[in-house]
Student: 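Just dropping this structure here.
No experiment lies behind these values; they were computed from the predicted model shown. Every heavy atom of this structure was used, including side-chain atoms; hydrogens, water molecules and symmetry mates were not.
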Amino acid sequence: MDMSAIAARLGLSGSRPVVRKAAELRRLCDINFDSSVLGIGEVCKAIICLEIAATKFQVIFDRSEAVRMSGMSEKAYIRSFNALQNGLGVKTTLDVRELGIQFGCVRLIPFVQKGLALYKERFLAALPPSRRSSTDFGRPVFTAAAFYLCAKRHKLKVDKLKLIDLCGTSSSEFTTVSTSMGDLCFDVFGIAKEKKDPTSIKGNRELLDVLPSKRKHEDDSDHSDESSGDDNDDELDLPTHKRHKKMEKQAYNQWKSSVISTNKQTKPDPTKPRKQAQLNFKKKLPDAALEVPPPAN
């Protein structure tokens, strides 16, 4: 299918620079590597090139329609998009100042920059040293999520769907990053009336355990309640999936014990003799009663 026809179906026929850039990216794909090895067809490759070009020129791109046209699921499309983007060596960037100018929220720029720096610092502090070098905070989804949370905190209206389209991510990933930022950096991104207790946050339980305030709180509580709450502390220190697994095992053992006790109650005693059921058959009628009388003349 021609690139111009695909662009017209995606509503990009009026953006000629986007179409020319997408055609250039598709030619680079054909020269540098074979996209069929990555499981990307020709139509899907053209659509992804159009999205990369639209993101570069800050043009709104309808990803839902692109996923439908590609014939792939949303997860498979995002995986193919990242693979093709890495193969081309193209990284999508999103500047906070451009977002502030585009959405008319220039006064949010210092708050977003401060929140991103604080989130990066706290997130890296939670990771082991071997994984810190591979963490990438340059993805546009972090900038977009920080901008959206700051706008919501300062009671400014920002189009969330437009932000998701600009950063080129899915709605579920955007929500996950926003939740992580809100939990780790409540002092900058928090929008709830009351601050959440770190022990009640399930999604980032492992990240919050390494914060200095959390460690200080645990050190103070250890001196006071060292002898009384050992079992409860051990259960809280477990990761979320291990806690769920332990609860499921306890529920299974409880169900098993109840079934065994019920079987013991209903099981008959083998020492008692069994009574044989009596079978009562109807008596056979005499042959005379079975004879049919002759018909009357």
Student: Could you grab the distance from atom CZ of Arg26 to atom CD1 of Ile47, nearest 0.5 Å is fine?
Tutor: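 The CZ atom of Arg26 sits 10.5 Å away from the CD1 atom of Ile47.
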Student: I'd like to know if Met72 and Leu50 are part of one continuous hydrophobic network [Ile/Leu/Val/Met/Phe/Trp/Tyr, side-chain heavy atoms within less than 4.5 Å].
Tutor: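 No.
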Student: Looking at Cys49 and Cys29, what are the two nearest heavy atoms and their distance?
Tutor: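 Here Cys49 and Cys29 meet closest at SG-SG, 4.3 Å.
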Student: Main chain of Thr176, side chain of Ser180: is a donor-acceptor contact present, judged purely on distance under 3.5 Å?
Tutor: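 No: the side chain of Ser180 does not pair with the backbone of Thr176.
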Student: Quick one, Thr55 with Glu51, criterion side-chain contact (heavy atoms from CB on, under 4.5 Å). Give me CA distance, side-chain angles, the key distance, then yes/no.
Tutor: CA-CA 6 Å; Thr55 307; Glu51 182 174 357; 4.2 Å; yes
Student: Can you measure from CZ (Phe81) to CD (Glu74) and round to the nearest 0.5 angstrom?
Tutor: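 One gets 12.5 Å once the value is rounded to the nearest 0.5 Å.
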Student: Any side-chain heavy atom of Lys256 within less than 4.5 Å of one from Tyr252?
Tutor: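 Yes, close enough: below the 4.5 Å cut-off.
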Student: How far does CG of Leu156 sit from OH of Tyr148, to the nearest 0.5 angstrom?
Tutor: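 Going from the CG atom of Leu156 to the OH atom of Tyr148 covers 12.0 Å.
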Student: Would you give the length of the straight line joining atom SG of Cys105 to atom CZ of Arg107, rounded to the nearest 0.5 angstrom?
Tutor: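 Cys105 SG to Arg107 CZ: 7.5 Å, rounded to 0.5 Å.
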Student: What pair of heavy atoms forms the shortest contact from Leu108 to Cys150, and how long is it?
Tutor: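 Heavy atoms only, the tightest pair is CD2-O, 3.9 Å.
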Student: Less than 4.0 Å between a side-chain N and a carboxylate O, is that true for Glu42 and Lys45?
Tutor: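 A salt bridge links Lys45 with Glu42.
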Student: Is any side-chain heavy atom of Phe103 closer than 4.5 Å to one of Lys162?
Tutor: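 They are in contact (side-chain heavy atoms under 4.5 Å apart), so the answer is yes.
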Student: Can you name the nearest heavy-atom pair linking Leu118 to Val188, along with the distance?
Tutor: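 Smallest interatomic distance, heavy atoms only, reads CD2-CG2, 3.8 Å.
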Student: Would you give the length of the straight line joining atom CD of Glu98 to atom CZ of Phe147, rounded to the nearest 0.5 angstrom?
Tutor: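 Rounded to the nearest 0.5 Å, the CD-CZ separation comes out at 11.5 Å.
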Student: Say whether Ile52 and Phe33 are linked into one hydrophobic cluster, either directly or through other cluster members, by side-chain heavy-atom distances under 4.5 angstrom.
Tutor: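 Linked, Ile52 and Phe33 end up in one cluster.
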Student: Do Val106 and Val96 sit in one hydrophobic cluster, given that two such residues count as connected whenever their side-chain heavy atoms are within less than 4.5 Å of each other, even indirectly?
Tutor: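 The answer is yes; both residues are in one hydrophobic cluster.
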Student: State, to 0.1 Å, how close Ala146 and Leu116 come at their nearest heavy-atom pair, and which atoms those are.
Tutor: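 Answer, listing the atom of Ala146 first, then Leu116: CB-CD2, 3.7 Å.
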Student: Could you pull out the closest heavy-atom pair between Phe61 and Ala66, with the gap in Å?
Tutor: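 The pair with the smallest heavy-atom distance is CE2-CB, 3.5 Å.
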Student: Side-chain heavy atoms under 4.5 angstrom apart, residues restricted to Ile, Leu, Val, Met, Phe, Trp, Tyr: same cluster for Met3 and Ile48?
Tutor: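 In one cluster with Met3: Ile48, yes.
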Student: Would Val59 and Leu161 show up in the same hydrophobic cluster when neighbours are defined by side-chain heavy atoms closer than 4.5 Å?
Tutor: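 Per the 4.5 Å side-chain linkage, Val59 and Leu161 are not co-clustered.
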Student: My understanding is that only residues two or more places apart in sequence, or in another chain, count here; which of them pass ring pair (Phe, Tyr, Trp, His ring centres under 6.0 Å) with Phe137?
Tutor: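 Expected list: Phe123, Phe142.
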Student: More than 12 foreign heavy atoms under 6.0 Å from NZ of Lys114: is that the case here?
Tutor: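 Result for NZ/Lys114: open.
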Student: Mind checking whether Ile6 and Ser4 have side chains closer than 4.5 Å, heavy atoms only?
Tutor: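 Side chain of Ile6 against side chain of Ser4, heavy atoms only: no contact under 4.5 Å found.
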Student: Just how far is it from atom CG of Asn32 to atom CZ of Arg27, taken to the nearest 0.5 Å?
Tutor: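 One finds 12.5 Å between CG of Asn32 and CZ of Arg27.
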Student: Return yes when atom CD of Glu121 has more than 12 non-hydrogen atoms of other residues, nucleotides or ligands closer than 6.0 Å, and no otherwise.
Tutor: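 Check fails, neighbour count at 12 or below.
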Student: Which atom pair, heavy atoms only, marks the closest approach of Ala53 to Val18?
Tutor: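 Answer, listing the atom of Ala53 first, then Val18: CB-O, 3.5 Å.
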Student: Check each of Thr179, Val177, Asp183, Leu184 against Met181 using the side chain to side chain contact (heavy atoms under 4.5 Å, CB included) test, and report the only one that passes.
Tutor: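 Of all the options given, the one that passes is Val177.
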Student: Side-chain contact test, heavy atoms from C-beta onward, threshold under 4.5 Å: evaluate it for Leu163 versus Leu99 and give yes or no.
Tutor: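 Leu163 reaches Leu99 side chain to side chain.
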Student: Would you check, one step at a time, whether the test side-chain contact (heavy atoms from CB on, under 4.5 Å) holds for Phe174 with Lys160?
Tutor: CA-CA 10 Å; Phe174 186 87; Lys160 182 179 178 181; 3.7 Å; yes
